[in-house]
Amino acid sequence: MAGIESSDVCVRFAPSPTGYLHIGGARTALFNWLYARHTGGKFVLRIEDTDAQRNTPEAIAALISGLRWLGLDWDEGPAGSVPEGDFFQSQRSGIYARRVEELRKKGMAYEDEGAIRFRMPREAVMIPDLICGEVVRELTDREQEQPDFVIVRSDGKPVFHLVNVVDDMEMGITHVIRGEDHLSNTAKHMALFRAFDIEPPKFAHIPLILNANGSKMSKRDEGASLEAWQQAGFVPEAVVNYLSLLGWSPKDDSEVMTVSEIIERFDLPQINRANARFDAEKMQWVNYEHLRELPLERYRALAEEAGVGLEGKDVEYVDAALSTCQEKVKQLSDLRAFSAFYFEDDYPVDEIFGEKAMTPENRAALAELRDKYAAVKIFDAESLERCLKSVAERLEVKVRVLVQPARFACTGQKVGPSLYHLMSVLGRGEVLARFDRALGKA
RNA sequence: GGCCCGUUCGUCUAUCGGCUAGGACACAGCCCUCUCAAGGCUGAGAGAUGGGUUCGAUUCCCAUACGGGCUACCA
């Protein structure tokens, strides 16, 4: 793996907690984290909780749990969701006050109607950006009139631009990787860094994530909440994988990658400049690709989380059962229904399918199969298949005449795992019992 | 309105002046087949528009159009 030796790189994710982790925020965090891990640098988490109304402890907790779920661990940052210590802006007002005073002493800030404004240079600013190149920001009409922006409101609270720069400065951030929506603001930030006689960090403005229809993805939009994907049965490595592909690509057509493969390949120059639309279908596919490759032990744990009733069940049976489901189920949230016939006594039965499957002809065939299965020597998938096919051949019927009632008898459903495998997992006793029940004999 | 960024199949993307424009998701068809999937094969599907520069432009430059962002005593 590349980039294990430590480097000077120090990046940060500085979200404002508003209730849950937004998919766009998650992607920004991810890119920062990937860059830190790739370069062997440091990843800092800083909570911008200056809005006491919205930044409740619950909101902070949701944010942190979202990052933890994704596996984006921070080298420096809060230990918990209680706002204490250096990584909460709400706890750093003394630092900001001192820095504002410094600017005032230098004559670079002044009071204006109770607020404090920063003396912004009156000319265009060149923003060197690792992704966008050298961006020349001209003054807007409004800025021509009033170029000096407020850094402390009249209620005494410092504004985003100020605290953001001060924190980056004090924390020794070397690379600011953030959404392109901040590109224009960067002129202000650079001026602030200069005013403090600090060389600005390198900037990398990453493209935004848009909705499927191309509009801006906002908090309320479908799929915007990371938590929603979590609850829908997506695995974090898949979400990480899919998100990494939005605005970045390894350039070699790789798509399904493990986290360490992504870390190895990730770098700033490969980031695109154009916004990307969020495609739920592709994310689902990525999820499926990861799901089917998971180690069984992990799959079992996720199954339990997904509400599959595994308690008290024999582990060997559980694993055998789940492995017949793993390559079929696309989302963990579907797993419970898909596997119910293995684990629940009153699993659901599709009566319509039952009527179609249990025709008189099929019943007779099933009865015949039952007797053969009672006698078959080894009750494994291969033997069961061979046996079923020979019965079909002798009766001169298509295999589906046997398969359909057998599937109905065993699972009650039209779709499910491979019939032969599922029967071998259920075991002879159970299969015969279910056959009998379907035949009305039990 | 002003300022900034962007524009390759429906979507995510490859292409660093030579392209019969490649891959993936989704879609269609076929094959395989115990259901459903998966898998295999095939197909349809793109360089916003107009000017330059060049022997040659998807690639470089300019305009226009379209999309996005910013323009707060929000973050």
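Numbers restart at 1 for each chain; the letters A, B, ... are given by sequence-line order, proteins then strands.
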Is there a donor on the side chain of [X] or the base of [N] sitting less than 3.5 Å from an acceptor on the other?
| X | N | answer |
| --- | --- | --- |
| A/Ser418 | B/rC34 | yes |
| A/Asp253 | B/rG22 | yes |
| A/Asp181 | B/rA75 | no |
| A/Lys282 | B/rA24 | yes |

Can you check the [X] [atom1] to [N] [atom2] distance for me, whole Å?
| X | N | atom1 | atom2 | result |
| --- | --- | --- | --- | --- |
| A/Glu255 | B/rG22 | CD | P | 16 Å |
| A/Ile206 | B/rC5 | CD1 | P | 18 Å |
| A/Gln270 | B/rU15 | CD | C1' | 15 Å |
| A/Glu138 | B/rC3 | CD | P | 8 Å |
| A/Gln89 | B/rC74 | CD | P | 15 Å |
| A/Arg386 | B/rC34 | CZ | C1' | 16 Å |
| A/Asp167 | B/rA75 | CG | P | 13 Å |
| A/Leu419 | B/rA37 | CG | C1' | 15 Å |

Does [X] place a side-chain N or O at less than 4.0 Å from the phosphate oxygens OP1/OP2 of [N]?
| X | N | result |
| --- | --- | --- |
| A/Asn275 | B/rG69 | no |
| A/Arg153 | B/rC74 | yes |
| A/Arg400 | B/rU35 | no |
| A/Thr50 | B/rA75 | yes |

* What is the distance from atom CG of A/Leu335 to atom CG of A/Leu302, rounded to the nearest 0.5 Å? ->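 Answer for the CG-CG pair, A/Leu335 versus A/Leu302, is 9.5 Å.
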
* **Euclidean distance, A/Asp167 CG relative to A/Arg92 CZ, rounded to 0.5 Å** =>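 If we round to the nearest 0.5 Å, A/Arg92:CZ and A/Asp167:CG are 4.0 Å apart.
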
Given [options], the nucleotide with the shortest approach to the side chain of [X]:
| X | options | value |
| --- | --- | --- |
| A/Glu289 | B/rC25, B/rG39, B/rU13 | B/rG39 |
| A/His182 | B/rC73, B/rU35, B/rA75 | B/rA75 |
| A/Thr140 | B/rC36, B/rG68, B/rU71 | B/rU71 |
| A/Arg137 | B/rC3, B/rG69, B/rC73 | B/rC3 |
| A/Asp279 | B/rU11, B/rC73, B/rA38 | B/rU11 |
| A/Ala276 | B/rU35, B/rC12, B/rC73 | B/rC12 |

[N] versus [M] - spacing of their [atom1] atoms, nearest Å:
| N | M | atom1 | answer |
| --- | --- | --- | --- |
| B/rC31 | B/rC16 | C1' | 40 Å |
| B/rU13 | B/rG47 | C1' | 13 Å |
| B/rC19 | B/rA28 | P | 34 Å |
| B/rA21 | B/rA48 | P | 15 Å |
| B/rG68 | B/rA24 | P | 30 Å |
| B/rC5 | B/rC61 | P | 12 Å |
| B/rG45 | B/rG29 | C1' | 15 Å |
| B/rU58 | B/rU15 | C1' | 8 Å |

Applying the Watson-Crick and G-U wobble criteria at under 3.5 Å, what pairs with [N]? Answer none if nothing qualifies.
| N | result |
| --- | --- |
| B/rC60 | B/rG52 |
| B/rG1 | B/rU71 |
| B/rC30 | B/rG40 |
| B/rC9 | none |
| B/rC16 | none |

When we call it a touch if two heavy atoms are under 4.0 Å apart, what does [X] touch: a base, just sugar-phosphate, or nothing?
| X | answer |
| --- | --- |
| A/Val415 | base |
| A/Asn272 | sugar-phosphate |
| A/Val136 | sugar-phosphate |
| A/Leu402 | nothing |
| A/Glu281 | sugar-phosphate |
| A/Ala274 | sugar-phosphate |
| A/Pro417 | base |
| A/Thr411 | nothing |
| A/Asn185 | base |
| A/Arg407 | base |
| A/His161 | base |
| A/Lys330 | sugar-phosphate |
| A/Ser249 | sugar-phosphate |
| A/Tyr288 | sugar-phosphate |

* A/Arg277 or A/Glu143, whichever maps to the more 5' nucleotide of RNA chain B -> A/Arg277

* Identify, between A/Met283 and A/Glu385, the residue whose nearest nucleotide on RNA chain B lies closer to the 5' end. => A/Met283

* Does the ring centre of A/Phe43 sit less than 6.0 Å away from the ring centre of A/Tyr35? -> no

* **A/Glu111, CD atom: more than 12 neighbouring heavy atoms under 6.0 Å** => yes

* **A/His189: which of A/Phe160, A/Phe196, A/Phe203 passes ring-ring contact (aromatic ring centres under 6.0 Å, His included)** =>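 That would be A/Phe160; it is the only one of A/Phe160, A/Phe196, A/Phe203 passing the ring-ring contact (aromatic ring centres under 6.0 Å, His included) with A/His189.
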
* Can you tell me if A/Tyr242 and A/Asp279 form a side-chain donor-acceptor pair at under 3.5 Å? ->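 A/Asp279 and A/Tyr242 do not have a side-chain donor-acceptor pair below 3.5 Å.
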
* **Between A/Gln331 and A/Ser333: side-chain donor-acceptor atoms closer than 3.5 Å** =>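 There is such a pair between these side chains.
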
* What's the shortest heavy-atom distance between A/Ser424 and A/Phe379, and which atoms? ->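 The answer is CB-O, 3.5 Å.
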
* Establish, for the pair A/Lys188 and A/Phe149, whether the NZ or CZ atom is under 6.0 angstrom from the six-membered ring centre and no further than 45 degrees off its axis. => yes

* To do: Please determine which of A/Arg12, A/Arg99, A/Arg98 meets the salt bridge (Lys or Arg N to Asp or Glu O under 4.0 Å) test together with A/Glu170.
  => A/Arg99

